[in-house]
Amino acid sequence: MLHRPTVATTAAAGALLVLSGCAPTVPVTVAPFATDPVCASVVLALPRSLGEGLERVDTDAQATAAWGDPRAAVVLRCGVEPLGPTTERCQSVTTPQGPTIDWVVVEDDGDWTFTTYGRVPAVELTVPREVAESRSTSFVDLLGPAVALTEQQRSCL
């Protein structure tokens, strides 16, 4: 025979499992080089938050992370194809903790894509229009300490 505290504890644990099973997951396409072991280190070092309203949420692909509303999340993928020489805008971003990361920045129909330049494995951050219209993308600097775990081979000119 179960005692009341055990029944209550079991019911609470069951409710927690049901609720966590309903947590929205952001669907993400895995990057071609996501299995690079450095990507695991990058993802583990990423911040839990990119600012108010941009808390980390679950994704369904290896070497990825997302923040914000799962329907319009900021998404990071590690292990994307490294960029070669480009005429796109290359921006050096110095993080509060010191490392400088070079990002190639492309705006397409209100969505912004930031891809590391000269780093292996390469990292890509997609900021959807819904986020870019309501806030600055200056939170990119918060990713610097994690992205700095990748090897820098080149830099912006």
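- Counting Ile, Leu, Val, Met, Phe, Trp and Tyr side chains that sit under 4.5 Å apart, directly or through other members, Leu44 stands alone, with no cluster partners.
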Going through the checks in order, is the side chain to side chain contact (heavy atoms under 4.5 Å, CB included) test met by Phe114 and Val74?
CA-CA 11 Å; Phe114 298 79; Val74 173; over 6 Å; no
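- Atom-to-atom distance recorded for Leu46:CG and Leu76:CG is 5.5 Å, nearest 0.5 angstrom.
- Qualifying side chain to side chain donor-acceptor pair (under 3.5 Å) partners for Ser134, counting only residues two or more places apart in sequence or in other chains: none.
- Residues passing the side chain to side chain donor-acceptor pair (under 3.5 Å) test with Ser92 are Asp102, sequence neighbours excluded.
- Between Ala45 and Leu149 the shortest heavy-atom distance is CB-CD1, 3.9 Å.
- For Asp108, there are no salt bridge (charged side-chain N to carboxylate O under 4.0 Å, His left out) partners at least two apart in sequence or on another chain.
- In this structure, Trp67 CH2 and Thr59 OG1 are separated by 9.5 Å, a value rounded to the nearest 0.5 Å.
- Trp112 and Leu143 fall within a single hydrophobic cluster, where Ile, Leu, Val, Met, Phe, Trp and Tyr are joined by side-chain heavy atoms under 4.5 Å apart, directly or via other members.
- The main-chain N or O of Thr113 is never found under 3.5 Å from a side-chain atom of Trp103 such that the two would form a donor-acceptor pair.
- Taking every heavy atom of both residues into account, Cys39 and Ala34 meet most closely at CB-O, 3.7 Å.
- Taking each heavy atom of Ala122 and Pro82 in turn, the nearest pair found is CB-CA, 3.7 Å.
- With values rounded to the nearest 0.5 angstrom, Cys78 atom SG is found 11.5 Å from Arg119 atom CZ.
- As a member of the Ile/Leu/Val/Met/Phe/Trp/Tyr network built from side-chain separations under 4.5 Å, Val30 groups with nothing else and remains a singleton.
- Using a 4.5 Å cut-off between side-chain heavy atoms of Ile, Leu, Val, Met, Phe, Trp and Tyr, Val104 falls into a hydrophobic cluster with Leu83, Val106, Tyr117.
- Within the hydrophobic cluster formed by Ile, Leu, Val, Met, Phe, Trp and Tyr side chains joined at under 4.5 Å, directly or through other members, Val26 is accompanied by Val28, Val57, Val75.
- One hydrophobic cluster, built from ILVMFWY side chains closer than 4.5 Å, cannot hold both Val120 and Ile101; they sit in different ones.
- Side-chain contact check for Val80 versus Val123: every heavy-atom pair is 4.5 Å or farther apart.
- Asp111 places a side-chain N or O within 3.5 Å of a backbone atom of Arg129 that can act as its donor or acceptor partner.
- Evaluation of the salt bridge (charged side-chain N to carboxylate O under 4.0 Å, His left out) test over residues 134-151, restricted to residues two or more places apart or in two chains, returns none.
- With a 4.5 Å cut-off on side-chain heavy atoms, Gln62 and Thr35 count as touching.
- Shown here are the side chain to side chain donor-acceptor pair (under 3.5 Å) partners of Thr100, two or more places apart in sequence or in another chain: Thr94.
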Contacts under 3.5 angstrom, residues 48-56 side chains, donor-acceptor by atom type, not counting sequence neighbours:
| from | atom 1 | to | atom 2 | distance (Å) |
| --- | --- | --- | --- | --- |
| Ser49 | OG | Gly51 | N | 3.0 |
| Ser49 | OG | Gly51 | O | 3.2 |
| Ser49 | OG | Glu55 | OE2 | 3.1 |

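- Under a hydrophobic-cluster definition in which Ile, Leu, Val, Met, Phe, Trp and Tyr are linked whenever side-chain heavy atoms come within less than 4.5 Å, directly or via other members, Val93 and Val127 are assigned to the same cluster.
- When the side chain to side chain donor-acceptor pair (under 3.5 Å) test is applied to Ser138, the partners found at least two apart in sequence or on another chain are Ser136.
- Pairs passing the side chain to side chain donor-acceptor pair (under 3.5 Å) check and including a residue from residues 68-86, sequence neighbours excluded, read Asp69-Arg71, Arg77-Glu124.
- Without hydrogens or angle criteria, Thr25 side chain to Asp60 main chain gives no donor-acceptor distance under 3.5 Å.
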